[in-house]
Amino acid sequence: MVLLHKAGDIIPEIIKPLVEHRTGKEIEICPPATCPACQSLVVRFAGEVAYRCENINCPARLKESLIFFASRDAMDIDGMGPAVIDQLVERGLVNKLDDIYSLTEEQLASLERMGAKSAANLITAIENSKSRPLHRLVTALGIRFIGGKSARILSEHIGSIDGFFKVTADELMGIPEIGPRMAESLVAFFAESRNMDTIQRLKQAGVNSIAEVRGPQNGRLSGKTFVLTGTLPELSRDQASEMIIAQGGRVSSSVSKKTDYVVAGAEPGSKYDKAIQLGIALLDQDGLLELLEG
DNA sequence: GAGCCTCGAGATCT
DNA sequence: CTCGAGGCTC
């Protein structure tokens, strides 16, 4: 896919014949465009029908932004799911991502299917989310191409949310696993002033924006790659991952010859078979714990 | 021999 | 998506 028009790019009419010659395919010109919902500049790709707005608070995508922000893999705000978010936005209580940190218990209790107890619990959950590690905040922003894994790598290298404001695409591409698409996406995201406003407000609300002190530099599991499959007796998949990462190990989702250990629980999937096939060391929960404890 | 392109493998993605 | 290997150019 070829980027045809973006704020500051060369005039599309000039690059059209060049791109067509190179790709051998006819392409459509994307005229300069602004988001119909919020007038932010939008980025469009050849062949892509949908607009992609850079503004995280754009009315057209606010609910989705919030759902992802509060989700388990991001800020993990228990009790703030799609149903609650839908009401908050419809009632105008939340117009920007950061508004959730100004909600009062009273406002929450006024929602459908939300009693005093649930409202109090949700306030606590929102408060707790302020102390999440930096990589969760970076994930929660919903930056295109930036998910949990790359957010973690970026946060380790950059150290604080302020560090993201001034980092250049070239600097980003020097970080392992960060290529041109992620670098450009990050730069575009932090160039949008409405995103910056929201981040500043999140900071003012007390959301953690600094990476924790780096884990054991030479963790016991440093350089080792793990893959989890099946259900472990006591540990959840997330717990096991956290424990491995805390010791310097890496957790990946598919088995390859670069995998050092496959941790298999009950009812393992095809990863188990592949581990056997490739002759990769297998661990059960006890084996993993033994390795973690040294 | 640096630079650019293509392609396949492996991993990730709002 | 990112990366590295292999092919091609200058």
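Only a predicted model underlies this, so the values are computations on that prediction, with no experimental measurement involved. In the text below, chain A, chain B and the rest are named by the order of the sequence lines, each starting its count at 1.
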State plainly whether the residues A:Glu90 and A:Lys63 are in salt-bridge range, i.e. N to O under 4.0 Å. yes
Length of the CG-C1' vector between A:Leu141 and B:dT14, whole Å: 12 Å
Could you state the CE-P distance from A:Met75 to B:dT14, rounded to the nearest angstrom? 16 Å
Would you kindly give the CG-to-P distance between A:Asp76 and B:dT14, to the nearest whole Å? 18 Å
N-O pairing of A:Glu156 and A:Lys149 below 4.0 Å: no
Between CG of A:Leu228 and P of B:dT12 the distance, given in whole Å, is 12 Å
Could you check whether A:Ile143 gets within reach of a base, just the sugar-phosphate, or nothing at all, counting any heavy atom under 4.0 Å? sugar-phosphate
Are A:Ser150 and B:dC13 close enough that a side-chain N or O sits under 4.0 Å from OP1 or OP2? yes
Rounded to whole angstrom units, what separation is found between the CD1 atom of A:Ile153 and the P atom of C:dC3? 9 Å
Under 4.0 Å between a side-chain nitrogen and a carboxylate oxygen: does that hold for A:Lys96 and A:Asp99? yes
Tell me the interatomic distance from A:Lys149, atom NZ, to B:dT14, atom P, rounded to whole angstroms. 14 Å
Could you label the plane-to-plane angle of the A:Phe190 and A:Phe165 rings as parallel, tilted or perpendicular, counting under 30° as parallel and over 60° as perpendicular? tilted
Could you state the atom-to-atom distance from CG of A:Leu154 to C1' of C:dT2 in whole Å? 13 Å
To the nearest angstrom, how far is A:Arg61 atom CZ from B:dT14 atom C1'? 8 Å
